[in-house]
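Data first, discussion second: the structure below is written as structure tokens.
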Amino acid sequence: MLYRECGNYKDTYAKDMAIFPIPFDRWGLGVMLVLAFLVIPFTTSDYWLSSIMIPFYCFSLAALGLNFLTGYAGQVSLGHAAFMAVGAYASLILYSRFHVPLLLSILGGGIVSSAVGPVFGIPSLRIKGFYLAVSTLAAQFIIEWILTHWKWVSGGVFGTIDAPDLYVFGWILDTPAKKYYLVLCILVLLVVFGKNLVRGQLGRNWMAIRDMDVAAEVIGVSLFRNKLIAFAVSSFYAGVAGAMVTMAYYGAANIEEFNLVLSFHLLGAIIIGGMGTVLGSFFGAGFMILMPIFINQALLVFLERVPSDLRANSEAIVFGGLIVFFLIVEPYGMARLWHTIKDKMRLWPFPY
Amino acid sequence: MNQKTEPLLRVEDIHISFGGLKALNGVSLEVYPGEIMAIIGPNGAGKTTMLNIINGVYTPDQGRIFFEGTERPLKMKPHNVAAMGISRTFQNLALFKGMDTWCNIMVGRTQKMHSNFFSQGVYWGTSQKEEIEHREAVEWIIDFLEIENIRKQPVGMLPYGLQKRVELGRALASEPKLLLLDEPMAGMNLEEKEDIARFILDTNEEIGYTIALIEHDMGVVMDICDRIAVLDFGNKIAEGTPEEIKSNPKVIKAYLGEAEQA
Ligand SMILES: Nc1ncnc2c1ncn2[C@@H]1O[C@H](COP(=O)(O)OP(=O)(O)OP(=O)(O)O)[C@@H](O)[C@H]1O
Ligand SMILES: [Mg+2]
């Protein structure tokens with residue numbers, strides 16, 4: 001019995017309602033944190049830190065933001081990448097033009113994005129499902145257009161702003177490891193905050209709206225308030241993720257990076273990773289980052305050199321195929337598979 | 001029941017039509033504090049429509065609605081009606097399928113929870129205190145409805161009768177002044193019906209809630225209700241105590257008429 005739910009009796013509701021009520025989960029989380037803070041930065045190459053771990057963390061945060069909106073509150077969005085772009089541009093403008101301190105700039109990117117999100121969330125008060133998806137698509141196009149054509153924002157050069165050196169409290173972040181820690185710390189703070197939100201009354205209201213909106217409303221859940229908060233929180237997370245990925249990974253805000261394809265990828269990531277779970281956002285983002293690398297490696301086994309169109313096509317096929325697979329077979333994604341494994345371990349080694 | 005007291009809820013001359021169909025045609029009803037009142041009538045009579053109007057899901061074309069003696073606008077957002085103290089269960093199961101039993105019931109307390117967004121995010125201070133306090137209230141309801149053993153099960157997997165019970169719990173959680181139940185026993189076997197009837201009576205007598213319910217099972221209605229209103233094709237054709245209704249020729253005709261069609 002590796003995974004035990006019973007046997008540890010909770011004598012108060014406070015303990016039952018702790019963030020991770022089960023010791024195994026607490027230990028698991030502890031191990032992950034030790035790995036992230038103490039092992040990975042010292043055992044992996046700079047390439048791994050800067051090209052895999054940093055984007056993985058950033059896209060996990062973005063996926064988490066989308067999961068709040070789509071997985072928890074049930075509002076489909078195809079404009080998530082655009083909200084990342086808003087955060088990216090806003091933070092970079094604050095940092096490089098207005099010389100706002102780095103952490104405040106990143107926060108500012110999130111805040112600007114969270115102000116824009118609800119504007120595009122207003123249609124959700126009237127329409128749902130497919131039609132809402134189409135109207136969030138408008139967000140993607142409108143924001144992309146504004147960011148490329150509004151000279152003051154984009155600086156006029158193909159919508160690109162370069163990120164200057166990063167300083168935190170006068171300390172320069174010049175190595176991948178330092179940037180890695182910046183991203184990791186912000187990620188951990190926001191994940192804890194988000195986890196608390198979704199397991200509290202706000203999260204329950206969101207899920208109520210997702211599962212049965214008329215009943216939720218009659219029971220006392222304000223659709224207006226809770227949906228708009230979902231858009232605001234979701235785009236805040238997107239904005240911070242966009243700011244971080246720009247500053248710590250791309251090195252420049254470039255609208256091309258935040259196009260519709262990324263919006264689709266993020267949606268695919270949470271479908272594969274697990275809708276309506278925090279963990280699923282990580283699985284999904286990890287998948288999104290690692291799959292192309294695996295496919296490339298796999299193709300190299302058969303070919304000397306992988307033509308880029310073949311690689312791109314195989315990525316699309318595998319990604320699309322998996323989305324269909326999870327939608328049909330396991331709508332709760334990899335996070336649910338993980339749950340099933342834990343269920344098995346709970347009984348292990350007894351098969352009944 | 002003292003009919004002289006001020007009604008808790010009074011709807012007056014309610015009209016609503018869907019397309020060409022007049023679903024309610026000038027219906028007036030009162031619900032008095034402390035009573036269990038039943039709305040009965042053949043299929044399609046407009047019973048559920050009436051509840052939807054009271055809840056603000058539909059806006060009537062005409063009429064007036066008074067709650068606790070003051071008139072409220074005809075058009076009102078359902079969550080604002082909930083805030084006034086009206087709660088509801090649904091004819092077709094309307095639970096939040098992705099959540100556990102206790103979370104479903106906890107949603108019923110949403111109007112009572114006020115800790116702000118940031119406090120919820122850090123889960124510290126007011127928000128933690130509030131969460132535990134309301135969890136205790138939810139546990140009280142879980143005990144009351146005898147569903148302790150399913151408190152952490154996802155509701156989608158529960159048998160029908162238990163789902164209905166959880167839905168009752170969710171409605172109770174808001175501690176309403178008026179509880180509306182739309183066919184709380186539909187599709188249940190005798191034993192399950194008896195359980196629900198007992199819970200309804202206890203809710204009324206022990207907790208003191210005022211209840212208006214819709215039910216097709218005449219036996220149960222006659223047993224547990226103080227007063228009955230009968231709707232037929234969007235009109236109220238009778239109102240009175242169970243004895244009066246039983247012997248009312250119009251009611252007998254409406255029901256026999258239905259039996260003939262069937
Ligand atoms: N949203 C709607 N759109 C169109 N017609 C509706 C709508 N809601 C109710 N109706 C119609 O209004 C009439 C009354 O329906 P209602 O659901 O109130 O009946 P009921 O008395 O609850 O019947 P039952 O015992 O079958 O539940 C029916 O003819 C129904 O088809
Ligand atoms: Mg009905």
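Just so we're on the same page: letters track the sequence lines, and every chain starts at 1.
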Does atom [atom1] ([X]) have a neighbourhood of more than 12 heavy atoms from anything else shown, all under 6.0 Å?
X         : atom1 : value
Phe224(A) : CZ    : no
Trp140(B) : CH2   : yes
Phe18(B)  : CZ    : yes

Within 45° cone of Phe96(B) ring axis and under 6.0 Å: Arg204(A) NZ or CZ: no
Identify the heavy atoms of [X] and [Y] that sit nearest to each other, and give their distance.
X         : Y         : answer
Ala208(A) : Val107(B) : CB-CG1, 4.0 Å
Thr110(B) : Ile219(A) : CG2-O, 4.3 Å
Arg170(B) : Ala215(A) : NH2-CB, 3.9 Å
Met212(A) : Leu93(B)  : CE-O, 3.8 Å
Val57(B)  : Val218(A) : CG2-CG2, 3.5 Å

Can you tell me which portion of [X] sits under 4.5 Å from chain A's heavy atoms? Options are side chain, backbone, both or neither.
X         : answer
Ala94(B)  : both
Trp124(B) : neither
Glu167(B) : neither

Interchain contact, [X] with chain B, by part (heavy-atom threshold 4.5 Å):
X         : answer
Ile229(A) : side chain
Arg199(A) : both
Val221(A) : both

Please report the interatomic distance OG(Ser115(B)) to CD(Gln201(A)), rounded to the nearest 0.5 Å. 8.5 Å
For Gln120(B) and Leu202(A), indicate whether the former's side chain and the latter's backbone hold a donor-acceptor pair under 3.5 Å.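 It does hold such a pair.
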Most heavy-atom pairs under 4.5 Å with chain B, out of Ala216(A), Ser222(A), Gly200(A), belong to Ser222(A)
Is Val233(A) close to Phe117(B) at the side-chain level, that is, under 4.5 Å between some pair of heavy atoms?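 The answer is yes, as the side chains (C-beta and beyond) meet within the 4.5 Å cut-off.
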Do Phe193(A) and Tyr123(B) come within less than 4.5 Å of each other through their side chains, counting heavy atoms only? no
So which of [options] has the largest heavy-atom pair count under 4.5 angstrom toward chain A?
options                         : value
Glu131(B), Met113(B), Gln111(B) : Glu131(B)
Arg88(B), Met106(B), Lys97(B)   : Met106(B)
Ala82(B), Gly121(B), Ser127(B)  : Gly121(B)

